[in-house]
Amino acid sequence: MNRHRLQQLFDTLFDCHGQQGWWPADSDIEMSFGAILVQNTNWTNARLAIEQLRKESLLNQLALLECPQDRLETHIRSSGYFRQKAARLRIFCRWLVDHGGFESLRRRSTSDLRESLLGLSGIGPETADCILLYAFERPVFVADGYARRILERLGLTNGSKASAYEKIRRLVEEEIRMDAGAFKEFHALLVTHGKKVCGPKPDCKVCDLSGVCRFHHDKVRLAGATERRN
DNA sequence: ACCCAGGGTCATA
DNA sequence: TATGACCATGGG
């Protein structure tokens, strides 16, 4: 069934790309900030912003909440959408403070935490699940754009459209039973593989799993990606 | 001069 | 429910 093929996908990705070791961060809050700062941006730009925040000693709730908005925007400018993201960091920090910080939040259930995170403006399903998985160590499948596209093309989504984040997330979580550590690797491997372009005649073991994984053979925009103007 | 990168919100039909 | 506009930087 799908369970076997999902496991096979994981094993093949691991053989192809090796241990990824995500998410690089020294603390839960640094990881969470990274999840917000990396939204629709490459990790290099997000990391530069994190290093600025570190240099300014702003990698904690209270310090960040005290930092003036315009200075916060300047510090994270490299991550793009810096006005939105400065506001989002603030909203997240306010949430942390109001709920007693990570230590207190750890006692809550995964579904409870997810619902609470999704209530914050600027935290969508993918960002919430990344925080749940990497900061709270909950066994959650991050059904990001790469994962959805690869699974759909391998015929593993039971007809769910690639735009259906929640359906695909539940589907995978019900099919295979992994601990948080394995889900971390799975997410990182899918993103790493999804970014990789092999060329016209790829030597790609993942594609060999199925004839319908044609990611490396054409250019298809990720669902939800935006058109650029001007 | 393009295109892309580890999304999310809001207005509209 | 499902598109479309918008947010913005840095690297190839």
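Within every chain, numbering begins at 1; the chains are lettered A, B, ... in the order of the sequence lines, protein sequences first and strands thereafter.
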Heavy atoms only, 4.0 Å cut-off, all strands: where does [X] land among base, sugar-phosphate and nothing?
| X | answer |
| --- | --- |
| A/Gly124 | sugar-phosphate |
| A/Ile36 | nothing |
| A/Ser79 | nothing |
| A/Leu120 | sugar-phosphate |
| A/Glu126 | sugar-phosphate |

A/Arg47 side chain to A/Asn42 main-chain N or O, any donor-acceptor pair under 3.5 Å?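 The answer is no, because no donor-acceptor pair under 3.5 Å joins these two groups.
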Does the side chain of [X] get closer than 4.0 angstrom to OP1 or OP2 of [N] through an N or O atom?
| X | N | value |
| --- | --- | --- |
| A/Arg88 | C/dC7 | no |
| A/Thr41 | C/dG10 | no |
| A/Arg83 | C/dA8 | yes |
| A/Tyr146 | B/dA5 | yes |

Would you name the heavy atoms of A/Asn45 and A/Ser78 that are closest together and state the gap between them?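 That closest heavy-atom pairing would be O-OG, 2.9 Å.
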Are A/Arg106 and A/Asp28 within salt-bridge range, i.e. N to O under 4.0 Å?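 The answer is yes: the pair qualifies as a salt bridge.
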Salt-bridge contact A/Arg148-A/Asp144 (side-chain N to carboxylate O under 4.0 Å):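 No, this pair does not count.
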Would you kindly give the [atom1]-to-[atom2] distance between [X] and [N], to the nearest whole Å?
| X | N | atom1 | atom2 | value |
| --- | --- | --- | --- | --- |
| A/Asn42 | C/dG11 | CG | P | 8 Å |
| A/Leu37 | B/dG8 | CG | C1' | 14 Å |
| A/Gln84 | B/dG8 | CD | P | 12 Å |
| A/Glu73 | C/dT9 | CD | P | 11 Å |
| A/Tyr81 | C/dC6 | OH | C1' | 8 Å |

Does B/dA1 have a Watson-Crick or wobble partner in any strand here, with both distances under 3.5 angstrom, and which is it?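 Pairing partner, where one exists within any strand: none, as none qualifies.
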Expressed in whole Å, how much space separates the P atoms belonging to B/dC3 and C/dA5?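 Result for the P pair: 16 Å, nearest Å.
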Proximity to the side chain of [X] - top-ranked nucleotide from [options]:
| X | options | answer |
| --- | --- | --- |
| A/Asn40 | C/dT9, B/dG7, B/dA5 | B/dG7 |
| A/Ser121 | B/dT9, C/dC7, C/dT9 | B/dT9 |
| A/Asn45 | B/dT9, C/dT9, B/dG7 | C/dT9 |
| A/Phe82 | C/dG10, B/dG8, C/dA8 | C/dA8 |

Please lay out, stage by stage, how A/Arg54 and A/Glu51 fare under the test salt bridge (charged side-chain N to carboxylate O under 4.0 Å, His left out). CA-CA 5 Å; A/Arg54 190 194 316 285; A/Glu51 293 313 317; 3.0 Å; yes
DNA chain B: A/Tyr134 or A/Leu118, which has the more 5' nearest nucleotide?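 Looking at DNA chain B, the more 5' nearest nucleotide goes with A/Tyr134.
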Nearest-nucleotide comparison on DNA chain B, the residue closer to the 5′ end among A/Gly122 and A/Trp22: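 Nearer the 5' end of the strand: A/Trp22.
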Looking only at the aromatic ring of each residue, does the gap between the centers of A/Phe136 and A/Phe102 stay below 6.0 angstrom?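 They qualify: ring centres under 6.0 Å apart.
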